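Per chain, numbering begins at 1; letters A, B, ... match sequence-line order. Since the model is a prediction, treat every value here as computed from it, not as a measurement.
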Amino acid sequence: MTEDDSGTLPAGEVSRIELRGVYYAYRTGTGHLPVLDGLTFACGTGSFTAVVGPSGCGKSTLTRLIAGLMLPDRGEVLLHGEPVRSPRATVGMAFQNPVLLEWRTILANVLLPLEIVPNRLTREERRNRARELLALVGLGAFEDRRPSELSGGMRQRASLCRALVTRPEVLILDEPFGALDAFTREDLWQTMHALRREERFTCLLITHDLRESVFLADRVVVLSDRPATAQVTMEVPLGDKRALDDLYGTEASELQAELRQQIRIAQQARQTEPAA
Amino acid sequence: MKRQVLVPVAALVLFALAWEFLVWVNGWPDYKMASPSDLGPAFWKFRGLFLEHSWETLWRTVAGLLLSVAAGLVLGMVMGLSRVMREALYPLLVGFNAIPKATVVPVIALIFVGAHDMNTILIAFLISFFPIAVSISIGLSTLEPEYRDILRSLGASRFTIFWKIALPKTLPEFFGALKVAVTLAFIGTNLMEIVEPHGRGLGYLFDSGKISADYPLMFAVLIALALLGIFLFYCVVVLEKIFAGWAERSET
Ligand SMILES: Nc1ncnc2c1ncn2[C@@H]1O[C@H](COP(=O)(O)OP(=O)(O)O)[C@@H](O)[C@H]1O
Ligand SMILES: [Mg+2]
């Protein structure tokens with residue numbers, strides 16, 4: 001197990017996602033609410049980073065900054081070395097709420113981003129691309145169904161397909177499996193591994209499930225309580241081929257225990273704070 | 001399918017029979033209460049007038065309704081997309097909507113004396129735009145932020161987001177409101193037609209039946225109004241099925 005607080009990469013490599021001293025505060029009716037303060041970390045191309053932290057610490061805020069939906073007050077968010085100033089089509093997103101459009105079929109839902117992002121694909125090529133993804137996540141037979149006809153897990157699979165249909169360089173997942181039951185969630189983890197084998201993307205996964213972070217990611221970043229910084233970063237000592245049973249091996253168990261400990265430290269910081 | 005037709009028809013026949021029976025038992029003459037068997041002759045006698053005035057009522061109601069949809073859409077969009085505008089406009093609209101339109105009718109009739117078409121359309125519009133504006137504004141302001149984020153993160157413009165997501169998502173609520181609005185607009189048209197002297201439309205026909213104490217004619221007008229109202233309502237239902245049919249399935 002290695003710990004690495006600096007978030008730097010081997011010299012010469014440009015990281016796909018990089019945050020440098022990011023500060024962000026929400027302007028509320030009663031003043032400023034600092035949410036991120038001096039957040040610094042980087043993700044290499046093709047890496048899979050999980051971000052965990054106490055609830056309300058600013059994880060979703062982080063995803064919105066990387067997606068360019070909001071700009072940091074101070075510091076920089078860089079995608080492939082370039083500062084993010086506005087949303088860009090090279091980022092795909094999926095949330096806990098799959099937000100599929102009920103008036104569209106599953107296939108048409110997956111095709112939506114291709115109607116917005118400029119591309120030179122023909123109608124048939126777009127459809128083939130969407131079908132390829134749907135087949136990969138096991139929804140090949142459901143392309144003509146409406147979202148309401150699908151189970152929660154299947155909707156989330158469709159939402160992943162929609163996020164990936166434009167072949168984004170960066171995939172941001174904000175607690176995508178949080179609302180699913182335990183068995184469905186484990187199925188979706190396997191799907192994520194399958195997607196990662198077939199598609200090329202750098203993934204940032206927000207989660208509150210430590211087992212999930214260990215099973216899916218190469219690295220786990222623990223955020224401190226609000227205003228959040230990267231409290232600690234841990235490498236996951238499992239190889240590329242992972243089975244659920246690996247989660248119960250010595251190394252993985254120790255890592256989960258350590259993560260749990262770190263979350264506890266982050267939470268205690270909140271309880272000792274004077275009430276605002 | 002068979003039952004869906006038979007049951008309403010049977011109910012209708014029973015209703016007509018009970019009505020006929022009531023008039024017959026009490027021995028009411030024509031000038032007190034018309035019976036269903038008087039209606040056929042009344043329709044036949046005034047068939048030309050019925051066609052002409054039904055058309056007047058129909059097109060004015062639809063014109064008023066189209067104005068309502070246009071104004072309701074604009075107001076709803078303004079209120080749904082801007083919180084400041086919602087806070088500013090909402091009390092005004094509620095206040096205006098609270099005024100019983102029967103009091104507005106003579107005012108309008110006096111302001112634009114003789115402009116029958118405009119007056120009637122105006123009342124049909126004034127009485128019916130409120131539910132449309134409210135439904136659109138609620139539909140737009142309750143759009144989950146994730147929808148916007150997904151499209152915005154792809155670089156979609158505000159117009160694209162409105163066109164691809166916000167508008168279609170609001171359609172079920174819009175049609176729900178339109179069903180209320182179509183009935184209201186119809187009431188508005190008739191109010192104006194009855195009140196205005198030398199007017200046109202079924203309301204006018206009703207008024208002339210009253211003046212000449214032709215009770216069968218008055219009742220025939222009521223039936224014609226009911227038929228026209230049903231026709232308009234189901235036109236909206238058909239449009240709803242076409243444009244927002246997807247919402248039905250998701251509720252089951
Ligand atoms: N639009 C907003 N305006 C004001 N405060 C917000 C807004 N969005 C989130 N917050 C606050 O910022 C903090 C971090 O939010 P968020 O990033 O959603 O946390 P997390 O995803 O880690 O649970 C929370 O305390 C939340 O209440
Ligand atoms: Mg969140």
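Counting all heavy atoms, side chain and backbone alike, A:Leu100 lies closest to B:Tyr147 at O-OH, 3.4 Å. Nearest heavy-atom pair across A:Arg146 and B:Trp246 is NH1-CB, 4.1 Å. Closest heavy-atom contact between B:Asp149 and A:Phe95: CB-CZ, 3.9 Å.
In this structure, chain A has no heavy atom under 4.5 Å from any part of B:Leu171. For chain A, the nearby part of B:Glu144 is the side chain; its heavy atoms alone come within less than 4.5 Å. With a 4.5 Å cut-off on non-hydrogen atoms, A:Leu112 touches chain B through its side chain but not through its backbone. The part of B:Thr160 that comes within reach of chain A is its side chain, from C-beta onward, which places non-hydrogen atoms under 4.5 angstrom from that chain.
Of the listed residues (B:Ala156, B:Ala244, B:Ser153), the greatest number of heavy-atom pairs within a distance under 4.5 Å of chain A belongs to B:Ser153. The choice from B:Pro168, B:Ser157, B:Gly155 that makes the most heavy-atom pairs within less than 4.5 Å of chain A is B:Pro168.
Heavy atoms of other residues, nucleotides or ligands lying less than 6.0 angstrom from CZ of B:Phe243 number 12 at most. By the 6.0 Å contact criterion, OH on B:Tyr234 is open, its count of non-hydrogen atoms from other residues, nucleotides or ligands being 12 or less. Other residues, nucleotides and ligands contribute more than 12 heavy atoms inside 6.0 Å of the OH atom of A:Tyr26. By the neighbour-count criterion of 12 heavy atoms within 6.0 Å, atom CZ of A:Arg123 is sparsely surrounded, having that number or fewer from other residues, nucleotides or ligands.
Looking at B:Glu146 and A:Asp174, their side chains never come closer than 4.5 Å, going by heavy atoms from C-beta outward.
Between the CD atom in A:Glu115 and the CG atom in B:Leu154 there is a gap of 11.0 Å [rounded to 0.5 Å].
With hydrogens and angles ignored, the 3.5 Å screen pairs a side-chain donor or acceptor of B:Arg152 with a backbone N or O of A:Leu69.
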